[in-house]
Novice: 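Sending over a structure as structure tokens; questions will come in a sec.
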Amino acid sequence: MGPVRGLKKRRKVEKKPAENGSGCGSGSSEMEASVDWWDEFSKRITGRHSPQKDLDNFQSIFKMSRRTFNYICSLVKDHMMAKSRNFTFTNGKPVSFHEQVAVALRRLGSGEALLTIGDLFGLHHSTVSQMTWRFVEAMEERALHHLQWASNETEMTEIKSKFEKMQGLPNCCGVIDTTHITMCLPSSDPESKVWLDHQKNYSMVLQAIVDTKMRFRDIITGWPGKMEDWLVFQGSNFYELCDKGERLNGKTLVLSEGLEIQEYIIGDSGYPLLPYLVVPYEGKELPESKAEFNKRLSATRLVARRAFARLKEMWRIIHGEMWRPDKHKLPRIILVCCLLHNIVIDLEDEFQDELPLSYGHDEDYKQRICGSMDVKGVVLRDKLSLHLSGTLPP
């Protein structure tokens, strides 16, 4: 995972993911306890008194299944319960652990104001803020294993195979793209100008590498939205590892006798053409083989657009304009939203199947061109173009 500005270094060992994502604390006793808290909690939201209807309403409120919710609780419980601070509703009743997680997820998922969330659940807005932040810290501590590069050759081989099945690109390991998290900042504040991007929005950039399942494999965030995509990439840990030969360094693939290609990722024209990063050909009247290559590259890159659109739709705290956010805390909130996004995918949550596929995440942002080309990158792209057109020598 790339650097996240504002993320503190952690010394503790992260929890390993449970096999097949099934270790979600869903034993009978925990399940009964969670049903009890939800029965009471749902009445605060809806005012209804039918437990069955309230249970049916769970997914619409939290955008995930009960199984996924319980798994998230199992991840953060030790860290959150270790804190000495006890929270109470405005009526003086203690807020249970499950209720704290529910409030934090509602805040991140809805993007509603602290006052709105507080009124909904019967909490002071400062309590909502503190509970959300406690949850964010716990996720940073316990859930980072849900956002990582492929850990072994078998996993990477599967990723490359799925990319090849999409549009025929062999040995492709991911798609890189960028989105903007927009903010509402006071124009009178001189410090706000740092965050003013090319579209005249105040924004923070999130750059990610995505696999075929729309899972984030590497991210970098925290930089002003006006930074060019290629500059953000060059400031990433991923770029540094690639330049050292420590990333995208797996098996080369033989296309034909004497012609091999190494592992690579693909991006749009906002990135440089490198020995491990392939971007489209530029120009309006391209030869058929190059035009076809661009078409396939564009179709494959849609997976990143869908991932960003899904991220912002699911976790609406980073969708639209955030009201004067803390620029030191915002990158950590973005990270946790990415972790939650991946957890829903890793647990194969059935709720994600109900969500429509969308491609819009930066509709108002125009494509910017980098234009930088490395000679080895040119050779790699030409090899791929010839391979896809069927004109490589045998």
Side-chain angles (χ1 to χ4, degrees), residues 1-7 9 144-145 147-153 155-157 159-160 163-164 169-179 204-212 215-255 259-282 293 297 300-301 303-304 307 331 334-335 338 367-385 387:
M1 183 183 71
V4 177
R5 300 182 76 198
L7 177 62
K9 291 184 178 180
L144 289 180
H145 56 268
L147 203 166
Q148 61 182 1
W149 196 246
S151 57
N152 54 62
E153 185 178 331
E155 186 180 6
M156 181 54 76
T157 298
I159 291 171
K160 291 190 287 189
F163 270 115
E164 186 165 10
L169 290 170
N171 231 27
C172 178
C173 299
V175 181
I176 188 170
D177 204 350
T178 298
T179 194
M204 182 177 288
V205 72
L206 166 62
Q207 190 169 99
I209 299 173
V210 179
D211 67 17
T212 56
R215 182 191 291 111
F216 296 116
R217 288 291 182 169
D218 189 278
I219 70 167
I220 178 171
T221 188
W223 298 103
K226 67 182 179 181
M227 282 189 67
E228 302 290 354
D229 292 352
W230 65 272
L231 283 174
V232 176
F233 179 59
Q234 285 189 347
S236 70
N237 186 51
F238 189 90
Y239 175 87
E240 183 178 345
L241 290 173
C242 288
D243 263 17
K244 291 179 179 178
E246 298 174 8
R247 184 61 48 89
L248 297 175
N249 59 347
K251 289 184 177 180
T252 59
L253 181 67
V254 178
L255 297 179
L259 288 177
E260 297 181 341
I261 56 169
Q262 70 169 76
E263 293 180 338
Y264 60 92
I265 58 175
I266 64 173
D268 60 29
S269 299
Y271 294 95
L273 179 61
L274 299 171
Y276 48 82
L277 173 52
V278 177
V279 301
Y281 288 101
E282 290 297 319
F293 175 81
L297 206 70
T300 305
R301 293 202 325 266
V303 70
I334 295 171
L335 166 63
C338 290
Q367 175 68 66
R368 298 181 68 82
I369 308 298
C370 174
S372 176
M373 293 188 293
D374 182 279
V375 174
K376 291 182 179 179
V378 172
V379 172
L380 171 60
R381 184 172 63 182
D382 287 345
K383 286 180 182 179
L384 289 170
S385 177
H387 169 71

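Every heavy atom of this structure was used, including side-chain atoms; hydrogens, water molecules and symmetry mates were not. Throughout, residue positions are numbered sequentially from 1 according to the sequence presented. Keep in mind that what you see is a predicted model, and the values were worked out from it rather than measured.
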Novice: Could you check if a side-chain atom of W149 sits within less than 4.5 angstrom of a side-chain atom of L248, using non-hydrogen atoms only?
Specialist: yes
Novice: Between L273 and S372, is there a side-chain heavy-atom distance shorter than 4.5 Å?
Specialist: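 No; the side chains remain at least 4.5 Å from each other.
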Novice: For Y276 and Y264, I'd like to know if the aromatic rings sit close, meaning centre-to-centre distance below 6.0 Å.
Specialist: no
Novice: Of V278, L277, I369, which meets side-chain contact (heavy atoms from CB on, under 4.5 Å) against Y271?
Specialist: L277
Novice: Would E155 and S151 count as a side chain to side chain donor-acceptor pair (under 3.5 Å) here? Give the steps.
Specialist: CA-CA 7 Å; E155 186 180 6; S151 57; 3.2 Å; yes
Novice: Check residues 375-385 and write down every donor-acceptor pair under 3.5 Å in which the side-chain atom is one partner and the other belongs to a residue at least two apart or another chain.
Specialist:
residue : atom : partner : partner atom : Å
R381    : NH1  : V279    : O            : 3.2
R381    : NH1  : P280    : O            : 2.8
D382    : OD1  : Y281    : OH           : 2.6
K383    : NZ   : E260    : O            : 2.8
S385    : OG   : S289    : O            : 3.4

Novice: Is there a side-chain contact between P170 and H387 in this structure, where contact means two heavy atoms from C-beta onward sitting under 4.5 Å apart?
Specialist: yes
Novice: Does the D211 side chain pair with the main chain of R217, one donor and one acceptor, at a distance under 3.5 Å?
Specialist: no
Novice: Any chance you could measure K251, atom NZ, to T157, atom OG1, to the nearest 0.5 Å?
Specialist: 7.0 Å
Novice: For the backbone of V205 and the side chain of T221, can you confirm whether one donor and one acceptor N or O come within less than 3.5 Å of each other?
Specialist: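 Answer holds: yes.
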Novice: To the nearest 0.5 Å, how far apart are CG in L231 and OG in S236?
Specialist: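 Rounded to the nearest 0.5 Å, the CG-OG separation comes to 11.5 Å.
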Novice: Taking all heavy atoms of I159 and all of T212, pick out the closest pair and write down the distance.
Specialist: O-CG2, 4.4 Å
Novice: Is any side-chain heavy atom of I265 less than 4.5 Å from a side-chain heavy atom of F163?
Specialist: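 Heavy-atom side-chain distance check fails, nothing below 4.5 Å.
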Novice: Roughly how far apart are I219 CD1 and I209 CD1, rounded to 0.5 Å?
Specialist: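 Reported value, rounded in 0.5 Å steps: 11.0 Å.
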Novice: Could you give me the CA-CA distance, side-chain angles and deciding distance for T178 and Q207, then say whether side chain to side chain donor-acceptor pair (under 3.5 Å) is met?
Specialist: CA-CA 4 Å; T178 298; Q207 190 169 99; 3.1 Å; yes
Novice: Minimum heavy-atom separation for T300 and V175, please, with both atom names.
Specialist: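 For T300 and V175, the tightest heavy-atom pair comes out as O-CG2, 3.9 Å.
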Novice: Nearest 0.5 Å please: distance from the CD1 atom of I261 over to the CG atom of L253.
Specialist: 5.0 Å
Novice: Using the salt bridge (charged side-chain N to carboxylate O under 4.0 Å, His left out) rule, collect all pairs that involve residues 263-274, keeping only residues at least two apart or in two chains.
Specialist: K160-E263
Novice: Quick check: are there more than 12 heavy atoms from other residues, nucleotides or ligands sitting under 6.0 Å from CD of Q367?
Specialist: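 Atom CD in Q367 is packed in, count exceeds 12.
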Novice: Measure the spacing between CG of L297 and OG of S269 and express it to the nearest 0.5 Å.
Specialist: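 Going from the CG atom of L297 to the OG atom of S269 covers 9.0 Å.
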Novice: Do you know the tightest heavy-atom contact between G235 and I220?
Specialist: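 Closest pair (atom of G235, atom of I220, distance): O-CD1, 3.8 Å.
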Novice: What closest approach, in Å, do C370 and G270 show between heavy atoms, and which atom pair accounts for it?
Specialist: CB-O, 3.5 Å
Novice: Of all the heavy-atom pairs spanning A307 and V210, show the shortest one and how long it is.
Specialist: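 Looking at all heavy atoms of both residues, the closest pair is CB-CG1, 3.9 Å.
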Novice: Only pairs at least two apart or in different chains count here, so list each salt bridge (charged side-chain N to carboxylate O under 4.0 Å, His left out) that has a residue in residues 220-233.
Specialist: E228-R368
